[in-house]
Amino acid sequence: MSERGKYIVIEGGDGTGKSTQAVALDATLELLGYDTLRVINGDNGRFEPVQEPGGTPRANELRRMIKDKSIEHTPWQDVLWFTEARQSIWNEAILPALESGKHVITARSYLSTLAYQGYGEGIPLDEIEAITRDMVGEEYMNPDFVAILAMFDEAERRQRIQGRGTDANLDTFESKPQEFQASMQDGFVQVAKNKGIELINASQTRARIYSELFNGVRPLLDSEA
């Protein structure tokens, strides 16, 4: 039986570079000879590391619904959709990959829901944790490694997001007002503090961020040697 794979989570708000770092880390692990999980990215159709919510047909469908500004939904409805998407990707892709010995890298996890719907929109944190535990499970909630990328300069964050296109292309959460963005960003800092998670300054260069991430992941790989 193959050794169980490692579950690695890269977290943070919009514009912090999570997906870029996940792709870079996945490429490094491949070069080092490790098998990793790649799924269809519902936004661009490419095989990439998991970007929650997404990675299975149902999770990708829910991602489109959540990000569509034309669909009216409450913060609690978002919690339900996010959690259903996580249940799908965990049971159908992530858990089987880990059990087969593949390493799994994800951009986002339920910690994003704590920051966005919890700190940003007022849903009680214990309710978010309870529904995640009931629908997805404790194992999902306890990855082998997790780091949070934090952006403290709102002007820089907006500039990065707007670099993707016009304001009309901003999704449900990217287009929310400054008050929400500040609460959400502070939420990630509080989540890191409360759970003892490494906080990485996302205003650094990509190379520096990657170096900090890989230094955190390396001990997991060394333990297999």
Side-chain angles (χ1 to χ4, degrees), residues 9-20 22-23 37-97 104-125 127-137 140-141 157-158 160-181 183-185 187-188 191:
V9 173
I10 304 173
E11 265 288 5
D14 297 308
T16 56
K18 301 173 305 302
S19 299
T20 298
V23 169
L37 173 67
R38 292 180 185 173
V39 298
I40 288 287
N41 183 317
D43 292 339
N44 58 31
R46 293 196 292 262
F47 276 101
E48 293 181 343
V50 177
Q51 180 170 256
E52 289 195 7
T56 65
R58 178 55 176 162
N60 287 339
E61 178 186 7
L62 288 163
R63 179 184 178 85
R64 287 190 291 271
M65 292 166 61
I66 292 166
K67 292 169 73 72
D68 189 341
K69 289 186 292 186
S70 70
I71 300 176
E72 292 188 10
H73 42 94
T74 65
W76 183 245
Q77 181 64 68
D78 286 332
V79 172
L80 295 175
W81 281 342
F82 277 125
T83 309
E84 182 185 347
R86 292 183 179 116
Q87 182 184 55
S88 176
I89 186 62
W90 176 256
N91 290 331
E92 297 173 41
I94 296 176
L95 187 57
V104 177
I105 301 165
T106 74
R108 293 202 187 281
S109 71
Y110 84 101
L111 301 179
S112 282
T113 301
L114 292 177
Y116 280 75
Q117 282 68 51
Y119 286 93
E121 298 185 297
I123 299 294
L125 304 182
E127 293 185 15
I128 295 172
E129 297 221 357
I131 193 173
T132 305
R133 188 173 295 108
D134 289 345
M135 291 183 63
V136 193
Y140 162 81
M141 298 170 73
R157 189 195 70 83
R158 293 293 299 179
R160 288 190 185 187
I161 291 174
Q162 289 171 345
R164 304 171 186 172
T166 65
D167 284 344
N169 294 326
L170 299 181
D171 68 29
T172 303
F173 302 109
E174 292 171 339
S175 59
K176 282 186 177 293
Q178 169 61 26
E179 293 79 10
F180 167 85
Q181 304 298 341
S183 296
M184 176 269 292
Q185 293 290 348
F188 274 115
V191 167

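Everything numeric here is computed off the predicted structure, so don't read it as measured data. Hydrogens, waters and symmetry mates are skipped; everything else that's a heavy atom, side chains included, is used.
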Open item on the list: Which heavy atom of Val39 sits nearest to which heavy atom of Ala93, and what is that distance?
Closed with: CG1-CB, 4.5 Å

Open item on the list: Return the OG1 to OH distance between Thr132 and Tyr140, rounded to the nearest 0.5 Å.
Closed with: 6.5 Å

Open item on the list: Looking at every heavy atom in both Ala97 and Val104, which two are closest together, and how far apart are they?
Closed with: CB-CG2, 3.9 Å

Task: Interatomic spacing from CD1 in Ile94 to OG in Ser88 - rounded to 0.5 Å - done: 10.0 Å

Task: Approximate separation, where rounding is to 0.5 Å, of Thr16 OG1 and Gln185 CD - done: 7.5 Å

Task: Atom pair CZ/CD of Phe82 and Gln87 - distance to nearest 0.5 Å - done: 15.5 Å

Task: Tyr110 to Glu11 - nearest heavy-atom pair and separation - done: N-OE2, 4.5 Å

TODO: Using salt bridge (charged side-chain N to carboxylate O under 4.0 Å, His left out) as the criterion, list what pairs up with Glu52, not counting sequence neighbours.
DONE: Arg86

Task: Test item: Ile10 and Ile105 side chains (from C-beta on) under 4.5 Å apart, heavy atoms - done: yes

TODO: Determine the sole option in Asp68, Asp78, Asp43 for which the salt bridge (Lys or Arg N to Asp or Glu O under 4.0 Å) test with Arg63 is passed.
DONE: Asp43

- [ ] For residues Leu111 and Phe188, report the shortest heavy-atom separation together with the two atoms involved.
- [x] O-CE2, 4.1 Å

Task: Close side-chain approach of Val9 and Ser109, heavy atoms under 4.5 Å - done: yes

TODO: Could you please spell out the steps behind the side chain to side chain contact (heavy atoms under 4.5 Å, CB included) verdict for Ile131 and Leu80?
DONE: CA-CA 8 Å; Ile131 193 173; Leu80 295 175; 3.3 Å; yes

Task: Any side-chain heavy-atom pair of Glu129 and Leu114 under 4.5 Å - done: yes

Open item on the list: Apply side chain to side chain contact (heavy atoms under 4.5 Å, CB included) to residues Phe47 and Ile40 and explain how you reach the verdict.
Closed with: CA-CA 5 Å; Phe47 276 101; Ile40 288 287; 3.8 Å; yes

Task: Residue list, salt bridge (charged side-chain N to carboxylate O under 4.0 Å, His left out) with Glu61, at least two apart or on another chain - done: Arg58

Task: Shortest non-hydrogen separation from Ser112 to Arg108 and the atoms involved - done: OG-NH1, 2.8 Å

Task: Rounded distance [0.5 Å steps], CZ in Arg46 versus CG in Asn41 - done: 7.0 Å

Open item on the list: Rounded at 0.5 Å granularity, tell me how far CE in Met184 sits from CD in Glu179.
Closed with: 12.5 Å

- [ ] Begin from the C-alpha positions of Val50 and Leu37 and carry the test side chain to side chain contact (heavy atoms under 4.5 Å, CB included) through to its verdict.
- [x] CA-CA 8 Å; Val50 177; Leu37 173 67; 3.9 Å; yes

Open item on the list: Looking at every heavy atom in both Pro53 and Ala85, which two are closest together, and how far apart are they?
Closed with: CB-CB, 3.6 Å

